[in-house]
Amino acid sequence: MTSSDRIESSVDPGTWEPLDEDMVSRDPIKFHSREEPYKDRIDFNQRTTGLTDAVQTGIGRLNGIPVAIGVMDFQFMGGSMGSVVGEKITRLIEHATTKFLPLILVCASGGARMQEGSLSLMQMAKISSALYYYQSNNKLFYVSILSSPTTGGVTASFGMLGDIIIADPNAYVAFAGKRNEKLSSHSIELGCPGSDMSLGRSNMKLRCIELITH
């Protein structure tokens, strides 16, 4: 399921208002690969997905209730988290904090984006700090939805910080990849380690509505 499909199936029709949709990566560390320069890879993924980067953020309504929503898209460079993804999610959280909105983040990621080096790893702390203020100081409500796959830095940060964590059925959720499968086979079999519940997509919207209204 693409991020656009997820948004369309989740929010009330005609209520989606995107945020920061023109934000794009500028190749901050001038990463170069013999196979394909980072800038060319970004351009290719933008053309093939129609997205500017691996997350869409915005405000939508669930049963008439305004909610801040971020949806990652694995089709854009494996949903990898670089500076743009981190900044868009952080701004979404800050907007939700200011407007006192419930927050839903749908995770789908292979982890931090190696082409941005340590800058990609910094996004973990930046997003987590914004979430701490949102949850602890303002006592607002955050739902994390883990789709398949959710791994690496996303699992290690905001993916596991929800007040409620929901996993898609049989979602692959881990910190490391399949090379370490033997170390975490029990988690892979469960499909949703650390989650509070596992729900089919047809029930996801109804459950989210129930959660943000109680």
Side-chain angles (χ1 to χ4, degrees), residues 3 19-31 38 42 51-59 67-74 76-147 149-167 171-177 180 183-184 187 192-196:
S3 55
L19 298 174
D20 302 308
E21 59 182 339
D22 296 327
M23 191 181 297
V24 296
S25 175
R26 298 297 183 188
D27 191 7
I29 65 171
K30 307 300 179 187
F31 182 88
Y38 179 41
I42 288 285
L51 304 175
T52 55
D53 216 294
V55 69
Q56 293 194 66
T57 58
I59 308 300
V67 180
I69 301 172
V71 183
M72 303 188 75
D73 199 312
F74 192 76
F76 194 107
M77 291 188 67
S80 53
M81 181 172 61
S83 306
V84 169
V85 170
E87 183 65 18
K88 288 183 70 171
I89 293 175
T90 300
R91 290 189 185 190
L92 177 71
I93 297 167
E94 291 172 345
H95 183 82
T97 303
T98 301
K99 300 295 183 181
F100 295 93
L101 299 176
L103 172 69
I104 297 174
L105 294 177
V106 181
C107 305
S109 178
R113 188 171 297 176
M114 67 172 189
Q115 292 90 345
E116 296 190 17
S118 59
L119 292 176
S120 65
L121 299 177
M122 291 168 60
Q123 308 311 310
M124 298 167 60
K126 182 168 72 174
I127 295 171
S128 298
S129 295
L131 275 174
Y132 179 82
Y133 186 84
Y134 173 87
Q135 293 170 295
S136 300
N137 292 358
N138 283 35
K139 307 299 182 183
L140 295 170
F141 188 65
Y142 163 43
V143 178
S144 173
I145 298 175
L146 311 179
S147 64
T150 297
T151 65
V154 171
T155 304
S157 56
F158 62 91
M160 291 296 178
L161 292 178
D163 295 296
I164 294 290
I165 301 173
I166 304 173
Y172 183 91
V173 180
F175 175 68
N180 293 321
L183 297 176
S184 56
S187 296
C192 48
S195 68
D196 297 296

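Just so it is clear, the structure is predicted and the values come from calculations on it, not from any experiment. Position 1 is the first residue of the sequence; numbering continues from there.
Remark: side-chain polar atoms of Ser80 are not paired, donor with acceptor, to backbone N or O of Gly110 under 3.5 angstrom. Between the Thr155 side chain and the Ala174 main chain, a donor and an acceptor come within less than 3.5 Å of each other. In this structure a side-chain-to-backbone donor-acceptor pair under 3.5 Å is present from Asp163 to Tyr142.
Within the structure, salt bridge (Lys or Arg N to Asp or Glu O under 4.0 Å) pairs that include any residue of residues 86-106 comprise Asp20-Arg91, Glu87-Arg91, Glu87-Lys126 (at least two apart or interchain).
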Item to complete: Evaluate the side-chain contact (heavy atoms from CB on, under 4.5 Å) criterion for residues Ile165 and Met160: first the C-alpha distance (whole Å), next the side-chain angles of each, then the deciding distance (0.1 Å), finally the verdict.
Response: CA-CA 7 Å; Ile165 301 173; Met160 291 296 178; 4.1 Å; yes
Discussion item. Before you tell me yes or no, could you show the steps for Ile164 and Phe141 under side-chain contact (heavy atoms from CB on, under 4.5 Å), namely the whole-Å CA-CA distance, both residues' side-chain angles and the distance that decides it to 0.1 Å?
Written reply: CA-CA 8 Å; Ile164 294 290; Phe141 188 65; 3.7 Å; yes
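In this structure, the separation between CG on Leu161 and OG on Ser128 is 5.0 Å, given to the nearest 0.5 Å. Rounding to the nearest 0.5 Å gives a distance of 13.5 Å between CD1 of Ile93 and OH of Tyr133. Distance CD1/Ile127 to CZ/Phe158: 4.5 Å, rounded to 0.5 Å. With values rounded to the nearest 0.5 angstrom, Ser118 atom OG is found 7.0 Å from Ile29 atom CD1. Annotation: the span from Tyr172 atom OH to Thr151 atom OG1 amounts to 7.5 Å, rounded to 0.5 Å. Of the inter-residue distances, the one linking Ile89 atom CD1 with Met72 atom CE reads 5.0 Å to the nearest 0.5 angstrom.
The one candidate from Ile69, Leu103, Leu101, Thr97 that meets the side chain to side chain contact (heavy atoms under 4.5 Å, CB included) condition with Leu92 is Leu103. Screening Glu116, Gln115, Arg113 for a side chain to side chain contact (heavy atoms under 4.5 Å, CB included) with Phe31, the sole residue that qualifies is Gln115. Of the listed residues (Leu19, Leu105, Thr90, Val71), just one forms a side chain to side chain contact (heavy atoms under 4.5 Å, CB included) with Thr57, and that residue is Leu19. The side chain to side chain contact (heavy atoms under 4.5 Å, CB included) test with Phe74 singles out one residue from Pro149, Ser3, Ser109, and that residue is Pro149.
For the residue pair Lys30 and Arg26, the shortest heavy atom distance occurs at NZ-O, 4.1 Å. The heavy-atom pair separating Ser83 from Pro28 by the smallest distance is OG-CG, 4.3 Å.
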